Asks: 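Take a look at the following structure, please.
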Amino acid sequence: MSTELLRDPDEGDGTTDPFSPVRESVTGREEHLNAPAARIRPDAVREVLSTLRDEGGYDHLACVTAQEYEGRYESIYHLRSYDDPTREVSVVVPADTDDPVSESATPVFRTADWHEREAYDLVGIEYDDHPDLRRILLPETWQGHPLSSEYDAERPQIVSLSENEPIEPGSSASAGSDTMLLNIGPHHPATHGVLHLQVTLDGETVVGVEPDIGYIHRCEEQMAQSGTYRHQIMPYPDRWDWGGGGLLNEWAYARVAEDLADIEVPEYAQVIRTMAAELSRILSHMLAMGAYALDVIGDFTATFMYAIQERERVQDLLEDLTGQRLMFNYFRLGGVAWDFPEPREEFLRGIREYLDGLPRRIEEYHDLLTRNEILQLRTVDTGTLPPSVAKEYGTTGPVLRGSGVDYDLRRDDPYGYYDELDWDVVTEDGCDNYSRLLVRMREVEESATIIEQCVDLLDDWPEDERTVQANIPRTVRPDDDTEVYRAVEAAKGELGIYVRADGTDKPARFKIRGPSFSNLQALPEMAEGESIPDLIASLGSLDTIMGEVDR
């Protein structure tokens, strides 16, 4: 909720004001439910963000939200700390409607490159001194910005032949006349979706990689903005990551909407959510491991089919619970749709039987994958991503933890029932493709540990206290101009959502922070200087889902 700056930034309740070192650049204050927020001058972005990073420890640019109000544009930089993600600030940068320009944050946070390009592409805000400010999802010839108020959706668009030229001026693919350009995708099995890589080779060495996204145009944010909080948005999150992380995506929306509307979830429902989310995480990781075997060692008949078989076992359990095998639509604001199927004891016994057989099967996957000499030769010391570089690009999830960074929102920004359970955050310090694979395989074991504890709790839960959903209004209308950013630890990393309410039963702005977006941006850092096979192994190690990238 926006308010004017009525007092000195250092006055208040005695707590340290994160904006005190940059008070000269602050022009106003706002109330965001998740973090202190301040408006700053458009020409002070780099100064403010540098100070907050270096002196305040806000070293994680999680998301950049661009939006348009009546009379102004606005960019919001959502900053967190990798050491403690509950330490958050929101830096709000207004821009004039007639000339929507502000300073680029890319020199401070490299992940701002893609985020600001998306803001320019869809909303129309320009960023001074951005190293490569051009459209990222739409062709350069596109007329207008789809999320701006003046956009004419009926206007015909023409994409000229020049749009298909492979090298954009100033891109990493413009490496010199002695190089060769290789196009990989956009329709290629190793790209895991409609992703186009413009790869520049010097002999057999990769000297440039340009990820070209924007082939799907999911319009997921616009669809969410056209739906009601209570009933119409929840079916969409399953479709952001169709690899199996659907319940985790549902939780991301549930968490932000419940904070926005001040909804408290019953404890019993929290345990069910936690159990179901970890089953969903196993689904996602198994697909990642099976597809990686295809990418790196061409193993379809053994490893890939083993992984698919493992997914089928989990999907059978989730189908019994939710009624669906992929697009679950099981979470509800305030809890879950319903309790366990009857007979309850038989359902819980099925989960236990699955967990009992998982350790033996995990050993088989290690024999097929991590102990495979060919896979080791292809993945050890390839796709290296040092911890500092991983943080600069805002990577999260197994990609970040594979670089040795101990960051997991389930523990560090607790939600659900995670802080009541005994489990460990998995990290590997190899910083390479092999480490990212190991993290996912070990996380399957940790998910099993969490699920087992949830089953024990749920089995003994008193029957008269099994409340699956809070009593909430039929129509949810958060207060006007209420703003919040919340995130969960999805299978691929930090899945965040920013919502601004306008007093109606639909969001005024709904921004999705897909973890694959920032993870994919780091690909050139991992691949340049290596070979084409190493590039394929690096891309597979990111486990991207393009529907989550293009949104």
Side-chain angles (χ1 to χ4, degrees), residues 34 60-65 78 80 82 85-86 88 111 114-115 118 193 216 218 220-221 223-224 233-260 273-274 276-285 287-288 326-331 333 393-401 405 407-416 418 425 439-440 443 447 484-499 507 509-522 542-551:
N34 61 294
H60 176 28
L61 176 57
C63 184
V64 179
T65 298
H78 305 276
R80 316 182 89 172
Y82 273 116
T86 61
E88 302 177 77
T111 191
W114 276 24
H115 286 275
E118 182 185 23
I216 300 183
R218 303 298 309 284
E220 289 162 354
E221 294 176 0
M223 288 190 289
I233 296 177
M234 188 58 82
Y236 289 122
D238 286 301
R239 291 151 176 81
W240 303 346
D241 172 4
W242 51 73
L247 291 171
L248 299 158
N249 300 353
E250 292 178 25
W251 205 341
Y253 170 62
R255 189 179 191 198
V256 73
E258 286 158 2
D259 276 9
L260 197 65
R273 281 183 172 187
T274 304
E278 292 308 307
L279 287 169
S280 193
R281 192 181 310 276
I282 292 176
L283 273 184
S284 181
H285 283 351
L287 181 60
L326 194 62
M327 307 300 175
F328 304 107
N329 191 22
Y330 178 62
F331 283 25
L333 298 192
Y393 281 96
T395 65
T396 52
V399 175
L400 182 68
R401 291 191 288 273
V405 180
Y407 179 83
D408 191 311
L409 294 181
R410 293 174 293 175
R411 179 201 62 196
D412 300 332
D413 185 12
Y415 56 95
Y418 288 110
V425 174
V439 167
R440 291 187 180 93
E443 283 189 355
S447 291
V484 62
Y485 172 84
R486 280 285 182 242
V488 301
E489 188 67 36
K492 293 166 177 56
E494 180 177 329
L495 175 58
I497 298 175
Y498 164 87
V499 174
R509 182 72 171 102
F510 192 100
K511 165 68 176 169
I512 304 167
R513 189 262 187 214
S516 294
F517 186 78
S518 292
N519 291 348
L520 181 59
Q521 190 183 353
L542 296 177
D543 185 29
T544 56
I545 290 288
M546 294 311 296
E548 184 190 271
V549 173
D550 290 353
R551 294 185 303 289

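What you see is a predicted model, and the numbers here were worked out from it, not measured in a lab. Start at 1 with the first residue, then count along the sequence.
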Asks: Under 4.5 Å between any side-chain heavy atoms of Arg486 and Ile497, yes or no?
Replies: no
Asks: When rounded to the nearest 0.5 angstrom, what distance separates CG in Leu400 from CG in Asn519?
Replies: 8.5 Å
Asks: May I ask you to decide if Tyr415's main-chain N or O and Arg255's side chain share a donor-acceptor pair within less than 3.5 Å?
Replies: no
Asks: Who are the ring pair (Phe, Tyr, Trp, His ring centres under 6.0 Å) partners of Tyr485, not counting sequence neighbours?
Replies: His78
Asks: Check whether any side-chain heavy atom of Arg401 lies under 4.5 Å from a side-chain heavy atom of Thr395, and answer yes or no.
Replies: no
Asks: Could you report the tightest heavy-atom contact between Ala254 and Leu333, atom names first, then the distance?
Replies: CA-CD2, 4.0 Å
Asks: Hey, are the side chains of Leu409 and Arg80 touching, using non-hydrogen atoms and a 4.5 Å cut-off?
Replies: yes
Asks: Between Arg440 and Glu443, is there a salt bridge with N-O shorter than 4.0 Å?
Replies: no
Asks: In chain order, what residues pass the side-chain hydrogen bond (donor to acceptor under 3.5 Å, both in side chains) check against Asp412, with sequence neighbours excluded?
Replies: none
Asks: Going through the distances and angles, do Ile512 and Leu495 end up as a side-chain contact (heavy atoms from CB on, under 4.5 Å)?
Replies: CA-CA 8 Å; Ile512 304 167; Leu495 175 58; 4.1 Å; yes
Asks: Looking at CG of Asp259 and CG of Asn34, how far apart are the two atoms once the value is rounded to the nearest 0.5 Å?
Replies: 8.5 Å
Asks: Decide yes or no for Thr274 and Trp251: does some side-chain heavy atom of the first lie under 4.5 Å from some side-chain heavy atom of the second?
Replies: yes
Asks: Side chains of Trp114 and Ser518, heavy atoms from C-beta outward: is any pair under 4.5 Å?
Replies: no
Asks: Within this structure, what is the OH-CG distance for the pair Tyr498 and Leu260, rounded to the nearest 0.5 Å?
Replies: 10.0 Å
Asks: With side chains defined as the heavy atoms from C-beta onward, is the minimum distance between Ile233 and Pro507 less than 4.5 Å?
Replies: yes
Asks: Please collect all salt bridge (charged side-chain N to carboxylate O under 4.0 Å, His left out) contacts where either partner lies in residues 238-248, sequence neighbours excluded, each pair once.
Replies: Asp241-Lys492
Asks: Test Tyr236 against Glu220 for side-chain contact (heavy atoms from CB on, under 4.5 Å), laying out the working first.
Replies: CA-CA 7 Å; Tyr236 289 122; Glu220 289 162 354; over 6 Å; no
Asks: Please identify each residue that fulfils side-chain hydrogen bond (donor to acceptor under 3.5 Å, both in side chains) with Tyr393, with sequence neighbours left out.
Replies: Arg110, Glu525
Asks: Any chance you could lay out the side-chain contact (heavy atoms from CB on, under 4.5 Å) test for Val499 and Arg509, step after step, and finish with the verdict?
Replies: CA-CA 6 Å; Val499 174; Arg509 182 72 171 102; over 6 Å; no
Asks: Any side-chain heavy atom of Leu247 within less than 4.5 Å of one from Leu279?
Replies: no
Asks: Could you tell me the separation between the CD1 atom of Ile282 and the OG atom of Ser447, rounded to the nearest 0.5 Å?
Replies: 5.0 Å
Asks: Salt bridge or not between Asp550 and Arg218? Use side-chain N to carboxylate O under 4.0 Å.
Replies: no
Asks: Quick one: is the NZ or CZ of Arg273 closer than 6.0 Å to the six-membered ring centre of Phe331, and within 45° of its axis?
Replies: yes
Asks: Holding to salt bridge (charged side-chain N to carboxylate O under 4.0 Å, His left out), I want the full list of residues that pass it with Glu548, two or more places apart in sequence or in another chain.
Replies: none
Asks: Please name the pair of heavy atoms, one in Pro398 and one in Ala491, separated by the smallest distance, quoted to 0.1 Å.
Replies: CD-O, 3.4 Å
Asks: Using side-chain heavy atoms (C-beta onward) and a distance below 4.5 Å, is Pro235 in contact with Glu250?
Replies: no
Asks: Between Thr396 and Glu494, is there a donor-acceptor pair closer than 3.5 Å when you use the side chain of the first and the backbone of the second?
Replies: yes
Asks: Check this for me, if you would: do Glu489 and Arg411 make a salt bridge, where the nitrogen-to-carboxylate-oxygen distance has to be below 4.0 angstrom?
Replies: no
Asks: Could you state the interatomic distance from OG1 (Thr65) to CZ (Phe510), rounded to the nearest 0.5 Å?
Replies: 11.0 Å
Asks: Residues two or more places apart in sequence or in another chain: which of them pass side-chain hydrogen bond (donor to acceptor under 3.5 Å, both in side chains) with Glu118?
Replies: Lys511, Arg551
Asks: Drop me the distance from Tyr418's OH to Asp413's CG, to the nearest 0.5 angstrom.
Replies: 12.5 Å
